[in-house]
Structure formats: C-alpha cells, structure tokens
Number of protein chains: 2
Amino acid sequence: MQKAASDKNNEVIAAQLAPVGRETVQDRVYSELRRALIGGLFEPSQVLTIRGLADALVTSTMPVREALGRLITEKALEALPNRSVRVPPITLERIDDLLRARILIEGEAIALATTLMTSRQIATVEAMLGEWDEMRALKHKKDVDREVTLNQSFHFEIYRACGSAVLIPMIESLWLQSGPCIRVAIYAFSDAGEVDTAQYHRRIVAALSAQDAQAAREALVADISRPFTFLRNKMQSADSKD
Amino acid sequence: MQKAASDKNNEVIAAQLAPVGRETVQDRVYSELRRALIGGLFEPSQVLTIRGLADALVTSTMPVREALGRLITEKALEALPNRSVRVPPITLERIDDLLRARILIEGEAIALATTLMTSRQIATVEAMLGEWDEMRALKHKKDVDREVTLNQSFHFEIYRACGSAVLIPMIESLWLQSGPCIRVAIYAFSDAGEVDTAQYHRRIVAALSAQDAQAAREALVADISRPFTFLRNKMQSADSKD
DNA sequence: TTTTTTGATTTGTGATCACACTTGCATTGA
DNA sequence: TCAATGCAAGTGTGATCACAAATCAAAAAA
C-alpha cells in the first residue's frame with residue numbers, strides 16, 4: 001500500500017470517529033476530588049483515608065494515593081505528621097492570606113484578559129449571565145452545586161483569555177485551597193438568596209466590554225472578596241462569643 | 001507509676017534524645033528531583049523515565065512515580081499524551097510568562113517582607129552576602145551548584161519573612177518551572193564571571209534596611225529579570241540565524 | 001531505495017501483598 | 001478509680017507482578 005493512499009484512508013476514518021480519550025483512573029479520581037474540594041463538599045479539618053476514598057470511588061487504593069499526593073503538593077490537602085491527610089482547617093490568617101493572593105493573581109489575570117479578549121469572547125461570557133437569571137427564575141430549589149459550577153465557569157472563561165499558562169494553574173490551586181473555606185459562605189448566601197452573584201458578574205462584564213482593565217480588576221475584587229469578608233465576620237463574632 | 005513522675009521521666013529523656021525524623025523515601029526522591037530541577041541539572045525537553053530514575057536514585061519505581069506525579073501537577077514537569085514525562089521545553093512565550101508571574105508574586109512577597117522583617121532577620125540576610133565575596137575570592141573553581149544554592153537561600157530567606165503560607169509555595173513552584181529555563185543563563189554567567197550577582201543582592205539588602213518596599217521590589221525585579229532577558233536575547237538571535 | 005510490517009523490548013498503570021506505624025479499646029495493675 | 005499495658009483493627013508506604021500501550025529495529029515487500 002502506498003503511503004499517500006494509506007494516509008488518505010486514515011483521514012477518512014478519522015473524520016468519522018470521535019477521539020476516544022485516554023484518561024487514566026488516577027486522573028478521574030483527581031478530577032473528582034478537585035470538584036468536591038472546590039465545591040466545598042468536604043469540611044475543613046475532615047480527615048480523608050485512602051481506603052475510604054477508594055471504596056467510595058469504587059477503585060483500588062493506587063489511583064487514590066497518587067491523587068492525594070498531588071493534592072497535597074498543591075496545598076489543597078494537608079499531610080499530618082501522623083501521615084494521615086486532612087482538609088486544611090480554617091484560620092483567620094489563612095482567610096486573609098488566601099484572599100490577598102487571589103486579589104493579586106486573579107486581579108492581574110483579569111487585567112491581562114481585558115486587553116486581550118475579543119468581542120466574540122466577551123459575548124460568550126456575557127451569555128453566561130443569562131443562565132443565572134434562568135436559575136433564579138425557578139428559585140424554588142436552590143441548586144448550590146450548579147451555582148458553584150456556573151461561578152467557576154464564568155471566572156475561568158475570563159482567566160483563560162489572559163493567555164498565561166503559568167497564572168491559570170496557580171489560580172486553580174487558589175480555588176482548590178479556597179473551596180473548603182468559602183463552603184460555609186456559599187451555603188449562607190444560598191440561604192439568604194437575595195444579594196445576587198449575577199449583579200457582581202454584570203459589573204465585570206461591563207468593565208470588560210469597556211476595555212477598562214482597572215474597573216475590571218476592581219469589580220473582580222469586589223466579587224471574590226464577598227465570601228471571604230462574610231466568613232471573616234462570622235468567625236470573629238464566633239470567637240468573641242467563646 | 002504516678003503520672004507526674006512518668007512525665008518528668010519522659011521529659012528528661014526527651015531532653016537528651018534528638019527527634020529521629022520520619023522522612024519517607026518518596027519525600028527524599030521528591031526533594032532530590034526538585035533540587036535537580038531548580039539547579040538546572042536537567043535540560044529542557046529531556047524525557048524522564050520512572051525506571052531510569054528509580055535506578056539512578058537506587059529505589060523502586062513506587063516512590064519515583066508518585067514524586068513525578070507531584071512535580072507534574074505543579075508544572076515542573078510535563079506529561080506527554082504518550083504518557084511519558086519530560087522537562088518542559090523552552091519557548092519565548094513561556095519565558096515571558098514565567099518572568100511576568102515571578103515579578104508579580106515575588107515582588108509582592110518582598111514588599112510584604114520589607115514591612116515585616118526585623119533588623120535581626122535583615123542581618124541574617126546581609127551576612128549571606130559575605131559568602132559571595134568568599135566564593136569569589138577563590139574564583140579559580142567556579143562552583144555553579146553552590147552558586148545556585150546560595151542564590152536560592154538568599155531569596156527564600158527574604159520570602160519566608162513575608163509570612164504568607166500561600167505565596168511561598170507558589171514561588172517555589174515558579175522556581176521549579178524556571179530552573180530548566182535559566183539553566184543556560186546560569187552557565188553563561190558563570191563563564192562571563194564579571195557581572196556579579198552579589199551586586200544585585202546588595203541593592204536588595206540596602207532597600208530592606210531602609211524599609212523601602214518600592215525600592216526592594218525594583219531591586220528584586222532587576223535581579224530576577226537578568227537571566228530571563230539574557231536568555232530571551234540569546235533565543236531571538238538564534239531564531240534569526242535559522 | 002523506500003515503505004510497511006512484524007516482533008522484541010521498554011514503559012506507564014493498576015492491583016495486590018507485606019510490613020511498620022498509629023489508634024482505639026479492653027485489660028491489668030496499683 | 002485511674003493510669004499504664006497489651007492487643008487488635010485500621011492505615012500509609014514500598015515492593016512486586018500483570019497487562020496494555022508505545023518504541024525501536026530488523027526483516028519483508030513495494
């Protein structure tokens with residue numbers, strides 16, 4: 001068989017078949033744990049065991065231990081001297097530390113994105129605002145999980161536009177670390193229900209449309225500061241009560 | 001035996017014995033690979049195999065594969081679709097991307113450190129300048145490895161003073177990613193020999209002593225930009241030649 | 001000579017096992 | 001009654017094996 005003919009034949013096949021992907025079990029475990037962490041499904045200080053997670057995820061211990069190791073290196077989980085691993089506990093210092101880092105890095109990312117985003121990309125992000133209204137329309141059932149996912153998609157759609165392969169993984173790591181912290185804030189907001197996240201996001205989109213990097217940065221800071229300051233106040237009042 | 005007596009007895013023993021430490025093999029492998037990466041011992045695009053590293057480090061494959069997984073998640077190494085792992089290749093975009101992130105984050109860290117460092121801590125850092133003169137005195141043998149270690153110690157002694165448990169691991173990750181890139185610059189500087197790193201570090205110490213955060217940030221930016229701009233120029237001239 | 005095929009070797013992934021350490025609880029002793 | 005001891009279940013770590021996929025080189029076909 002000639003080379004050209006063979007290639008042509010392969011191309012025809014490739015046009016019909018969808019790539020099957022080769023995600024490993026370890027990757028799936030890792031993604032699943034990430035999702036749970038960012039979504040605040042684990043509580044701070046909760047201890048995780050390899051065998052326990054392996055049972056819950058219906059695999060063997062091997063993929064789980066490697067996924068845990070990865071999460072520990074990005075500070076999403078914490079290795080105790082006993083060699084057990086837990087979700088990092090919340091402290092006031094950690095809250096301030098995380099918020100400061102997020103303002104610094106995500107602020108820079110959105111400023112870069114502002115100068116780079118095409119109107120096509122802005123339109124995509126703007127379209128995501130609609131989903132919020134849609135969700136609020138049927139507000140009888142508060143779907144916290146979907147809210148978290150939507151919020152994440154919105155932010156990262158913008159961050160990806162900054163075009164930095166270095167900053168984006170750092171932001172992901174920050175979200176991973178923030179997840180368990182803002183867990184309580186997420187549920188509290190969902191209960192309160194009124195002060196709408198979409199409102200903050202609209203301000204961000206407006207700044208992006210105006211190509212005003214400084215305004216975009218400030219709108220973003222207001223958005224991500226909200227759960228942190230809420231949590232901060234809550235912890236301080238709890239401390240003073242003790 | 002009474003509790004008090006037992007405790008007292010244990011205290012006496014504890015005063016005589018040094019804690020034995022429980023570092024795992026995996027931790028040692030991870031540290032060793034980190035050291036090699038930051039020191040620029042691996043070249044960009046070099047492929048690493050689990051069994052090859054296990055043989056070189058005289059262990060089994062298990063600790064190595066977990067260490068590699070951790071390094072991949074912090075982008076110090078890269079997983080190819082073939083599932084082999086390599087040191088990330090250098091591109092112009094990546095150089096600029098890394099430098100921008102380092103300026104942003106390390107600049108913030110040193111600005112924070114400036115307001116927090118005690119005169120005691122500054123003295124410690126200042127003392128490290130002496131080692132450079134010492135090393136230059138016997139410049140017959142250029143010890144690149146020691147130079148890298150000394151540079152790392154100097155910077156992280158300052159960064160640790162910023163007191164951010166979030167920023168410091170990020171900086172470590174950035175150094176890990178920069179290591180292979182600035183490898184060529186390190187050796188080139190060591191060959192040139194004249195433009196002294198200590199000179200840049202003296203400017204940093206002076207700014208710290210003056211508690212001038214802005215000056216410290218600028219001095220730091222000048223210091224870390226040097227190898228990157230060197231490398232950038234070198235790559236551009238190489239490109240134009242092709 | 002160039003291309004394809006075939007087969008052997010190498011490599012990553014996941015499962016299982018052995019071992020050491022920790023933890024929790026019941027037992028023993030004062 | 002309470003602390004110390006001893007035992008048993010649980011847990012992380014590292015080693016080894018089986019398997020599938022990738023790689024490379026030699027042989028076969030064009």
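Residue numbers start from 1 in every chain, and the chains themselves are labelled A, B, ... in the order their sequence lines are given, proteins ahead of strands. Values reported hereafter were calculated over all heavy atoms of this structure, with side chains retained and with hydrogens, waters and symmetry mates removed. Computed from a predicted structure; not experimentally measured.
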I need the [atom1]-[atom2] distance between [X] and [N], as an integer number of Å.
| X | N | atom1 | atom2 | value |
| --- | --- | --- | --- | --- |
| B:E66 | D:dT16 | CD | C1' | 15 Å |
| A:E23 | C:dG12 | CD | C1' | 16 Å |
| B:D27 | D:dG12 | CG | C1' | 12 Å |
| A:D55 | C:dT16 | CG | P | 12 Å |
| B:R28 | D:dT13 | CZ | C1' | 12 Å |

salt_bridge(B:R100, B:D97) N-O dist < 4.0 Å
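Counted as a salt bridge, because a side-chain N and a carboxylate O are separated by less than 4.0 Å.
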So does A:R70 pair up with A:D27, basic N to acidic O under 4.0 Å?
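Salt bridge: yes.
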Mind checking if B:L48 touches a base, just sugar-phosphate, or nothing, with heavy atoms under 4.0 Å?
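The answer is sugar-phosphate, as B:L48 gets under 4.0 Å only of primed atoms, P, OP1 or OP2.
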How would you label the contact of B:Q26 with the nucleic acid (heavy atoms, under 4.0 Å): base, sugar-phosphate, or nothing?
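Result for B:Q26 = sugar-phosphate.
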Where does the angle between the aromatic ring planes of B:Y159 and B:W175 fall among parallel (under 30°), tilted (30 to 60°) and perpendicular (over 60°)?
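Geometry flag for B:W175 against B:Y159: perpendicular rings.
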Under 3.5 Å, is there an N or O donor on one side and an acceptor on the other linking the side chain of A:R65 and the base of C:dG14?
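When only heavy-atom distances are counted, A:R65 does not reach the base of C:dG14 through any donor-acceptor pair under 3.5 Å.
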Ignoring hydrogens and angles, are the base of D:dG10 and the side chain of A:R51 linked by a donor-acceptor pair under 3.5 Å?
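Side chain to base: no pair below 3.5 Å.
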Quick check: on DNA chain C, is the nucleotide nearest B:G52 upstream (toward 5') of the one nearest A:P81, or the reverse? Name the residue that is more 5'.
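By nearest-heavy-atom nucleotide position, the 5'-most residue is B:G52.
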Find which nucleotide of DNA chain C each of B:L68 and A:R83 is nearest to by heavy atoms, and output the residue with the more 5' nucleotide.
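Upstream on the strand: B:L68.
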Give a yes/no answer on whether the side chain of B:N82 brings an N or O atom under 4.0 Å of OP1 or OP2 in C:dG12.
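No, outside the criterion.
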Return the nearest nucleotide to the side chain of B:T24; candidates are D:dT13, C:dG14, C:dG12.
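Of all the options, the side chain of B:T24 is nearest to D:dT13.
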Of all the choices, C:dG14, C:dT13, C:dT16, which nucleotide is nearest to the side chain of A:T61 once you look at every atom?
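Nearest listed nucleotide: C:dT16.
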Is there a side-chain contact between A:D96 and A:R232 in this structure, where contact means two heavy atoms from C-beta onward sitting under 4.5 Å apart?
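When only atoms from C-beta onward are counted, A:R232 and A:D96 do touch, with a gap below 4.5 Å.
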